[in-house]
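Worksheet: the structure to be examined is printed underneath.
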Amino acid sequence: MKALAKILALAVVASLAASPAFAAGGHEPEKHDWSFNGILGSYDKPALRRGYQVYMEVCSFCHGVEFIAFRNLIDMGLTEDEAKAAAEAVQIEDGPDDQGLMFMRAGRLSDRIPPPFPNENAARAANGGALPPDLSLMTKARPFGPDYVYALLTGYEQAPDDVEIAPGMNYNPFYSGEQIAMFEPLFDGAVFFEDGTEATIEQMAEDITQFLMWTAEPKLDDRKRMGLGVMIFLVILTGMFIAVKRRVWADVH
Ligand code: HEC
């Protein structure tokens, strides 16, 4: 009996240790009602466009989205002309030319969105030693994914009196360890949305999270549509099987 109790206690401890609540602290984020949740969920196209804008105008100075090329933005909902203009607005290093030299040229649709720093050391040097991680897979890489990113961006607050903040750090209860080197990146009116949406911190956080969900899973809409199609097909197929079975066994008593 005692041994059983011990095993049970161990199992409880093990399951707690394995749960996504962060070992080093970090509050569990609230569940957000995302448009892409559930089997019928899909991306909110206007939100994606706004999120891309927030990324380019705020986050892209420190964070890359390394897997995304400008042509992918057309799948996301930009027109081809808009995606081309977005590409042409950035300078890309190319080369070597006939003289063996690297040169800068305007971006093309086939180029990836360039990272803000040429390498990790440069990124750390510009951020007081901290590394701003690539964001393209962030919503898949962290427990609670999009809910965590949203909570982190909207969760900055004054540190409680009993918490001592290290130099260069900011208090954020949703970050593991509750101190983060990134200062609060969003403030009301940080960008201007052309569709008339008011750029509050919550709105921008929601839109950039939607965009980062898309960078991590650009095919989510297709996948869900296909899943639904497969389910409908299976229901019809099952119905047909039942009908056939009834027919075949009808005369057997
Ligand atoms: C001035 C530079 C800077 C800007 C601008 C910035 N960040 Fe960061 N960010 C950082 C640094 C540095 C870290 C690493 C923090 C650490 O190690 O404590 C970070 C970390 C993060 C993390 C990682 C949390 C984790 O779990 O590892 C996320 C998510 C994030 N930033 C999102 C954003 C978003 C979204 C924006 C734009 C709205 C943004 N950041 C703008 C510098 C920046």
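These figures come from a predicted structure and were not determined experimentally. Ligands are counted one by one from 1 in listed order, and the atoms in each one are counted from 1 as well.
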Would you call Y55 a ligand 1 contact, heavy-atom distance under 4.0 Å? no

Is a donor from one side chain sitting under 3.5 angstrom from an acceptor on the other, for Y171 and E178? yes

Does an N or O from R142, backbone or side chain, lie closer than 3.5 Å to an N or O of ligand 1? yes

Listing by chain and number, which protein N, O or S atoms are under 2.8 Å from atom 8 (Fe) of ligand 1? H63 NE2, M182 SD

Element-labelled atoms of ligand 1 that are located less than 4.0 Å from some non-hydrogen atom of L153: 34 (C), 35 (C)

Quick check on contacts: which atoms of ligand 1 are under 4.0 angstrom from a heavy atom of Y175? 16 (C), 17 (O), 18 (O), 24 (C), 25 (C), 26 (O), 27 (O)

Counting from 1, what ligand 1 atoms have a heavy atom of A181 closer than 4.0 Å? 15 (C), 16 (C), 18 (O)

Can you tell me how the ring of H32 sits relative to the ring of W34, calling it parallel under 30°, perpendicular over 60° and tilted otherwise? tilted

Please check if atom NZ in K224 has more than 12 non-hydrogen atoms from other residues, nucleotides or ligands closer than 6.0 Å. yes

Under a 3.5 Å threshold, yes or no: a donor from one side chain and an acceptor from the other, between S35 and Q210? yes

Ligand 1 to I208, heavy atom cutoff 4.0 Å, flagged ligand atoms 35 (C)

I'd like to know if the side chain of Y156 reaches the main chain of L186, judged simply by a donor and an acceptor atom lying under 3.5 Å from each other, with no hydrogens or angles considered. no

